[in-house]
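Everything below concerns the one structure shown next.
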Amino acid sequence: SLVDKKMRNMLALFCLCTNILTVCQGQGIVDLTNSDYCYHNLKVRLFDKHLSVEMKDDQPPLEVSFLWLRDHSRSNDTYNMRSHQRVKSILDIPEDVKPLKYTSCDSHLHIEWSDGSEYEYSLEWILKAMGGNEDSSLRTLWDQKTIRNKMVQVDCNEFLRKKEDLLKVFKGVELNGFTLLIECESTKPATKAVADRMSPLDESIFGKMWEVEAKEQTDNLSRHDVTDTTGPQEFHTDSTYLTDPNGYQIFHILKAAEEGGDSLLIDGIYVAEKMRAEHPDLFDVLANTEVTWEFVKSSPPYMFHQHTDRTFRLDLAGNILQIRYNNYHRAVLKGLNLKQTNKFYSAYRVFTEMLSDPANQLWTKLQPGTILLFDNWRMLHGRSSFQGARMLTNGWFKRETWLNAERILKFVD
């Protein structure tokens, strides 16, 4: 049936994606534990509670817990491949589980476990899983000089018609933090169609899509914000004051300013990594000091959003997951002693100086018909002052919603 065919396709793609082979037997995957296919054996040493695999190129050995390996088996008694759910509790796996027998072949390891289960693991998959945040390895970090010839631009009409061009947009954002769509219809409905093609928009505190344009700062405004003036807007990430800031954004200039109004992009993770290399102690301060951001709207509908977090959020392997930086919304700094306060201001000043360096900034004047899609957890954006009318329509995507759409596009035909 069509459902069974889709299930088989999903299973085959899952096998290729994870590089775990036992779950794929019977799907046309060769059993590499057969000696006829082996070219070299892994050098494996067993210890009391872990195994060690000798690596190439003078790398330190890979040490993996027996319990971790057994817990991550995708054998039928441990994992349901149809529902993609675990079927064993950690209490079902003996705490002292260990290999009774193993066979190594090329980059794969077949283990017979003491609890009666057996499974074949891919060394490549283990390395990826133990390495922490997989997304960080896909990034191409950039400054002004290196990005000029690497910008990804996709024709809007091709994007709306072809899956491969949709994938180009996702990949561009994944690699560089942003992608430009060109030759688009310069209307809000056309912009919404582009957004819908990517992923469902978030129903944010401002709505799904809204316009930004200069307004007279009178008492009867529904919002008083630097965004709604003709003045410059300093580099920042959006929604720092929310527990779950929007992951991605769409910008489309529907009406360009007569003069000025250029758009600024900065690869925040590039600058943060440069700071880690040049000022490691100050980098650690921003990775460990909690800062509060807030958004206060004192006219109906009233809002008071507030969140406390670190400027650099890292995973356990030290990879940067997210940048939070917005000087407009930075609230009162609390809970630090004098020494901690001084260290924070030193670190914050250095990071701001590095962000202000023109060598780290990409300026461009977006025109009607060019749509910008970017990663709000990585990119800082801003704007120069302008004269005349200027209108921007934009919207936010939740990170999980965007990534879900990207994974489905990659793995489902």
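In this text, all values refer to a predicted model and were calculated from it rather than measured experimentally.
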> Given Val194 and His252, is the side chain to side chain contact (heavy atoms under 4.5 Å, CB included) satisfied, shown in steps?
Replying inline: CA-CA 10 Å; Val194 166; His252 192 184; over 6 Å; no
Donor-acceptor side-chain pairing of Asn404 and Arg407 below 3.5 angstrom: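 Short answer, no.
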Give a yes/no verdict on a cation-pi contact between [X] and [Y], requiring under 6.0 Å between NZ or CZ and the six-membered ring centre and an angle within 45° of the axis.
X      : Y      : result
Arg310 : Phe312 : no
Arg139 : Tyr270 : no
Arg86  : Tyr79  : no

For Ser89, the side chain to side chain contact (heavy atoms under 4.5 Å, CB included) test, sequence neighbours excluded, returns Leu91, Asp92
Is any NZ, NE, NH1 or NH2 atom of the basic residue among [X] and [Y] found under 4.0 Å from an Asp or Glu carboxylate oxygen of the other?
X      : Y      : value
Arg378 : Asp267 : yes
Asp165 : Arg161 : no
Lys334 : Glu290 : no
Asp244 : Lys398 : yes
Arg399 : Asp375 : yes
Lys168 : Glu164 : no
Lys171 : Glu174 : no
Arg70  : Asp77  : yes

Ring-ring centroid check [X] [Y], cutoff 6.0 Å:
X      : Y      : value
Tyr241 : His307 : no
His381 : Phe235 : no
Trp210 : Trp396 : yes
Phe66  : His50  : no
Tyr348 : Tyr325 : yes
Trp377 : Tyr248 : no

Can you find a heavy atom in the side chain of [X] that is under 4.5 Å from one in the side chain of [Y]?
X      : Y      : answer
Thr370 : Cys184 : no
Tyr102 : Val44  : yes
Phe159 : Arg197 : yes

For [X] against [Y], the heavy-atom pair lying closest together:
X      : Y      : result
Thr179 : Val169 : OG1-O, 3.1 Å
Trp113 : Val97  : CE3-CG2, 3.8 Å
Thr230 : Arg383 : C-NH2, 4.4 Å
Val64  : Trp68  : CG1-CE3, 3.6 Å
Glu183 : Asn157 : O-ND2, 4.3 Å
Gly318 : Leu314 : O-CD2, 4.1 Å

message = Does Glu258 have more than 12 heavy atoms from other residues, nucleotides or ligands lying within 6.0 Å of its CD?
response =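 No, not enclosed.
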Please identify each residue that fulfils side chain to side chain donor-acceptor pair (under 3.5 Å) with Glu353, with sequence neighbours left out.
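None.
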Nearest 0.5 Å, please: how far is CG in Asn394 from CZ in Phe206?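 The CZ atom of Phe206 sits 9.0 Å away from the CG atom of Asn394.
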* Just how far is it from atom CD1 of Ile205 to atom OG of Ser239, taken to the nearest 0.5 Å? ->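 Taking CD1 in Ile205 and OG in Ser239, the distance rounds to 8.0 Å.
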Practice item. Could you please spell out the steps behind the side chain to side chain contact (heavy atoms under 4.5 Å, CB included) verdict for Thr240 and Val291? Key: CA-CA 10 Å; Thr240 50; Val291 178; over 6 Å; no
*Taking it one step at a time, do Met151 and Phe178 satisfy side chain to side chain contact (heavy atoms under 4.5 Å, CB included)?*
CA-CA 8 Å; Met151 287 193 289; Phe178 73 99; 3.6 Å; yes
Tell me, with the steps shown, if Tyr302 and Phe304 meet ring-ring contact (aromatic ring centres under 6.0 Å, His included).
CA-CA 7 Å; Tyr302 301 105; Phe304 194 157; over 10 Å; no
